Every structure is written in structure tokens, then in C-alpha cells.
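For clarity, every value in this text was computed on a predicted model and none was experimentally measured.
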Amino acid sequence: MGTPETTTGTSTSEHPRISQRIGGIAESATLAVDAKAKALKAAGRPVIGFGAGEPDFPTPEAIVAAAQAACSDPRNHRYTPAAGLPELREAVAAKTKRDSGYEVTAAQVLVTNGGKQAVYQAFATVVDPGDEVLLPAPYWTTYPEAITLAGGVPVQVTADESTDYLVTVEQLEAARTPKTKVLLLCSPSNPTGSVYSREQITAIGEWALEHGLWVITDEIYEHLVYDGAESVSLPVAVPAMADRTIVLNGVAKTYAMTGWRVGWLIGPTDVVKAAANLQSHLTSNVANVSQRAALEAVSGPLDAAHEMREAFDRRRRTIVDLLSAIPGVECPTPKGAFYVYPSVKALIGKELRGATITDTVHLAALVLEHAEVAVVPGEAFGTPGYLRLSYALGDDDLKTGVTRMAELLAEVK
């Protein structure tokens, strides 16, 4: 009798070892690039990574102190409500009114293990198999995977640099079918840093209302806007959409707390209750120490966030200037988040150190190999021909990294 095959991911039985649902998930491209860059650095290579969307600042001291105190409190050594600590849900509701003008109750808040869990649970709660989700591209790598996991069908709606990567109502309407149920919106955007204006948000919200659609809006970069741009919450711009909108947010970007894993979703109470039921089986409550830290964060001032924004603004202007000076690179100036998304389409098909650049995956590999700089290719975000660079890293590394890229790309012919 034979033994099961373990090297190919299949078995001798008629059933595959890995389910199609899970086997079809692609690894997070941004985390993969970041992991590769860190591995090369650990091996002694001077790699500079522009891959991960992670502030290079420490979590503010008051937040860390709150977590340290929470460790000694026996209340935090036990299970707590799956939907989140009641006081944190209240604080998130208060913070939401303070920061975006959206008035909600604690019952409309579900605390999740980071923003990614909020993304998945939002789709899982409102999407049935076969439902179509309009997905503006360039998009964050997790969105299509979460939609597919929930049984939905992502329908890509692509914008390019000519419209600052912002989709129009006309584009959305052209993509809408009788199966369309949800629109995903992310402003300020990962990966482009683009920000929809109040007028654009209002127009999109009114269109969604007219057609009875749901909107899932990711607002995690709400405090990182520049040049007079504003982060407008869709249910504030179009109050009638509040009953069909799920807002996603978290502490990761605003408070430099990516590793603490605290996010949330805000929505109608029936949606939140259903998503909380799912979470009660999926993960139960978020770690209590992290929740206590998040409580301190959202209840406190935004001074640290404003200091980070000033640094990001300075780096934003620097990286745009440096990239724009490279022949064949077109870099729009982002108005939010901490990413640039330059077009490098003019470099595809040309030669670099004896190799013909076939696509941006290939170009990113060449940049890593020859310049020791890690960037993420646009294929990861649904739009080949671009690169994403996060400028959430130190000023010196930023300048050194882009300078290395520039010196290498100067050899393209």
C-alpha cells in the first residue's frame, strides 16, 4: 500500500491535501517583499526595503505604558467579550465622531485582530457566493483574496495616473451588473496615496444609494493627508448610506501600532452582531493587553500622529522629486497615506545589465539584485507597469535607496 505524497501538495486519494479555497490564496506580496528584504539584511547585505506599509516610529510611550499596566491586571488574563472590551467600543465610537464626524454607538463597533480581519469579516458578513464586488484598482493586495474567500467575485475597475488613480462614477456604472452587491472604497489609498475629494465621495455614495449597493470603506489612513486634502467618510457625505456602509479602521497606521493587531469595523447593528458571531468562533476576543493599549491610543491626543505626518510629508516630497528625476519614471504626487506609485511602463522591453525587462515583476527583481533595494511590483496591486514604494522609513535610507535605484536605472537602454 502506497504512502501519501507530501512534496507536491497532492495525495494518492481522490482528495487534494489542501482545499481549493485555501490553496488558491496568494501570499501577501508586500509582506513577501518585506520578508525577503529583511532576510537579505540579516545575511549581511545592505538592502533597503520600500515594501512594507509600516511606520518607522515607535509606538508612543503613553500607549506602551498602558499596555504594561494592563499586563499586571488580572482582568486582562481572562476571556473578554468577543466583540471587544465595552470601554474600547465606546472609545472607538467617540473617536469616530471626533475625527470624521460620523456618529455611531458602541453597538455598531466590532474590535478585530488588526485591519485585515476587519476586511475579511466585512466581506464574509455581507457577500454571498457569486455576489460581485466592484474593486477599484490599483488595490491593496488583501482585498481580492478576502472577497474570493468570502465567496464573492472581485470585479476590477482600473484607474491610472491620468486620473490620479481615482475611479469615476461612470466607470463604476459601466462595471455594475445585476450581480453587483458591494463597492470597496479605500481613501486615502494603499497603494497609490490618492485621496477622493468630498465631491467625488458624495457622487459615489449617491450612486451606490441609487442602486441599492453596499459600500465597504477602508479609512485606516484617515490622518495621513497632505496639501490641503481631507479624508471624507462616505456615510458622513451621504448620511442615507449609513445603513449600507461598513467602515474599516484601526490603530496601526495612526499610532505606529502595526504589531499590536487592533482594528475594527463599524456598521449597522445587525451586520456587527453577525460579524461578532463569526469572530466568536474564528478568534474570540482580541488580546486584552492590545485592546488596553488601543483604548489609550484612541482616547488620547493626536500629537504623535501629527508629528509622524510632518515627517511623512517631508519624505513624500523628497521621494517624488528623486523618482521624477529618473528617465522613464513618472511619479504622481500622492495626497495621502505613505506610498508613491510611479509608472515605469516606459522601461518595459528595454535592456538592463544584459537582461530585457519583461515586466515590473522582473524589474523589481533586477532592482533588488543589482541595487539591493526592495520595491513591490504593480502586478501585486492589479496594475502591471508600476512600482509601489513606501516612504515610511528613515530619511537617510530613503535617499540612499532611491539614489541606488536611479544609478541602476540610468543604465537602461
Quick one: which of V133, T148, V182, L134 gives a side-chain contact (heavy atoms from CB on, under 4.5 Å) with P154? T148
Should we count CD of Q156 as having more than 12 external heavy atoms under 6.0 Å? yes
Please, which pairs that meet side-chain hydrogen bond (donor to acceptor under 3.5 Å, both in side chains) have at least one residue in residues 380-397, sequence neighbours excluded? E161-Y386, N190-R388, R314-D395, R315-D395, Y341-T383, K345-Y386
T180 side-chain N/O to T177 backbone N/O, donor-acceptor pair under 3.5 Å: yes
Could you list the residues that satisfy side-chain contact (heavy atoms from CB on, under 4.5 Å) with P46, not counting sequence neighbours? E372, R404
Looking at side-chain heavy atoms only, is the closest gap between P81 and N285 below 4.5 Å? no
Are T202 and E199 linked by a side-chain donor-acceptor pair shorter than 3.5 Å? no
Could you please spell out the steps behind the side chain to side chain contact (heavy atoms under 4.5 Å, CB included) verdict for S100 and K95? CA-CA 8 Å; S100 69; K95 164 252 174 293; over 6 Å; no
Show your working on side chain to side chain contact (heavy atoms under 4.5 Å, CB included) between V262 and V111 and close with a plain yes or no. CA-CA 7 Å; V262 182; V111 180; 4.0 Å; yes
Check: V361 main-chain N/O paired with D359 side-chain donor or acceptor under 3.5 Å: yes
With distance as the sole test, does D160 use its side chain to make a donor-acceptor pair with the main-chain N or O of S162 at under 3.5 Å? yes
May I ask you to test the V47-L368 pair for a side-chain heavy-atom distance under 4.5 Å? yes
Could you tell me whether the side chain of P144 reaches within less than 4.5 Å of the side chain of Y139, counting heavy atoms only? yes
Do Y221 and F338 have their ring centres less than 6.0 Å from each other? yes
Say whether, by atom type as modelled, one donor and one acceptor occur between the side chain of Q200 and the main chain of S197 under 3.5 angstrom. yes
Determine, stepwise, if the pair F50 / L387 fulfils side chain to side chain contact (heavy atoms under 4.5 Å, CB included). CA-CA 10 Å; F50 289 89; L387 299 174; over 6 Å; no
Would you please indicate yes or no on a ring centroid separation below 6.0 angstrom for Y165 and F381? no
Below 4.5 Å, heavy atoms only, C-beta onward: do E145 and T142 meet side chain to side chain? no
T400 vs T403, side chain to side chain donor-acceptor pair (under 3.5 Å): CA-CA, chis, key distance, verdict: CA-CA 5 Å; T400 300; T403 299; over 6 Å; no
So does K335 have more than 12 non-hydrogen atoms from other groups sitting under 6.0 Å from NZ? no
Output for pair (I25 CD1, L149 CG), nearest 0.5 Å, gives 4.0 Å
Please check: side-chain N/O of T125 versus main-chain N/O of Q121, any donor-acceptor pairing under 3.5 Å? yes
Test E87 against R292 for salt bridge (Lys or Arg N to Asp or Glu O under 4.0 Å), laying out the working first. CA-CA 9 Å; E87 51 266 60; R292 297 290 177 187; 2.8 Å; yes
Are more than 12 heavy atoms, taken from residues, nucleotides or ligands other than D243, located less than 6.0 Å from that residue's CG atom? no
E173 vs H211, side chain to side chain donor-acceptor pair (under 3.5 Å): CA-CA, chis, key distance, verdict: CA-CA 10 Å; E173 176 59 21; H211 297 291; 3.3 Å; yes
Side-chain atoms of residues 233-242: list all donor-acceptor pairs with protein atoms under 3.5 Å, sequence neighbours left out, distances to 0.1 Å.
| from | atom 1 | to | atom 2 | distance (Å) |
| --- | --- | --- | --- | --- |
| S233 | OG | E219 | OE1 | 3.4 |
| S233 | OG | E219 | OE2 | 2.8 |

Distance col, row L363:CG vs L409:CG, nearest 0.5 angstrom, shows 6.0 Å
Could you tell me the separation between the CG atom of L352 and the CG atom of L347, rounded to the nearest 0.5 Å? 9.0 Å
Check Q171 against T158 and note the closest heavy-atom contact, atom names and distance. NE2-O, 2.8 Å
Measure the spacing between CD of Q20 and CD1 of I22 and express it to the nearest 0.5 Å. 11.5 Å
Heavy atoms of other groups near R353 CZ, more than 12 under 6.0 Å: yes
pair Q68-V64: side-chain heavy atoms closer than 4.5 Å: yes
When rounded to the nearest 0.5 angstrom, what distance separates CD1 in I63 from CG in L295? 10.5 Å
Please check if atom CD in E90 has more than 12 non-hydrogen atoms from other residues, nucleotides or ligands closer than 6.0 Å. no
Main-chain N/O of A82 paired to S284 side chain as donor or acceptor, under 3.5 Å: no
Residues, nucleotides or ligands: over 12 heavy atoms within 6.0 Å of K181 NZ: yes
Would you say the side-chain atoms of H362 pair up with the backbone N or O of T358, donor to acceptor, closer than 3.5 Å? yes
Taking only Lys NZ, Arg NE, NH1 and NH2, and the carboxylate oxygens of Asp or Glu, determine whether R309 and D313 approach each other closer than 4.0 Å. no
Side chains of Q279 and Q117, heavy atoms from C-beta outward: is any pair under 4.5 Å? yes
So, the side chain of Y196 versus the backbone of S231: is there a donor-acceptor pair under 3.5 Å, distance only? no
Is it true that the side chains of T245 and W214 contain a donor and an acceptor less than 3.5 Å apart? no
Spacing of CE belonging to M405 relative to CG belonging to L322, to within rounding of 0.5 Å: 10.5 Å
Please tell me if the side chains of D99 and L302 come closer than 4.5 Å, counting only heavy atoms from C-beta onward. yes
Take Y255 and W260 through the side chain to side chain contact (heavy atoms under 4.5 Å, CB included) test and state the conclusion after the steps. CA-CA 10 Å; Y255 304 97; W260 296 80; over 6 Å; no
Could you check whether R45 pairs with E369 (Lys NZ or Arg NE/NH1/NH2 to Asp/Glu carboxylate O, under 4.0 Å)? no
Give a yes or no on whether the backbone of R78 and the side-chain of N288 come within a donor-acceptor separation of less than 3.5 Å. yes
Check whether T258 reaches the backbone of E54 with its side chain - one donor and one acceptor, N or O, closer than 3.5 Å. no
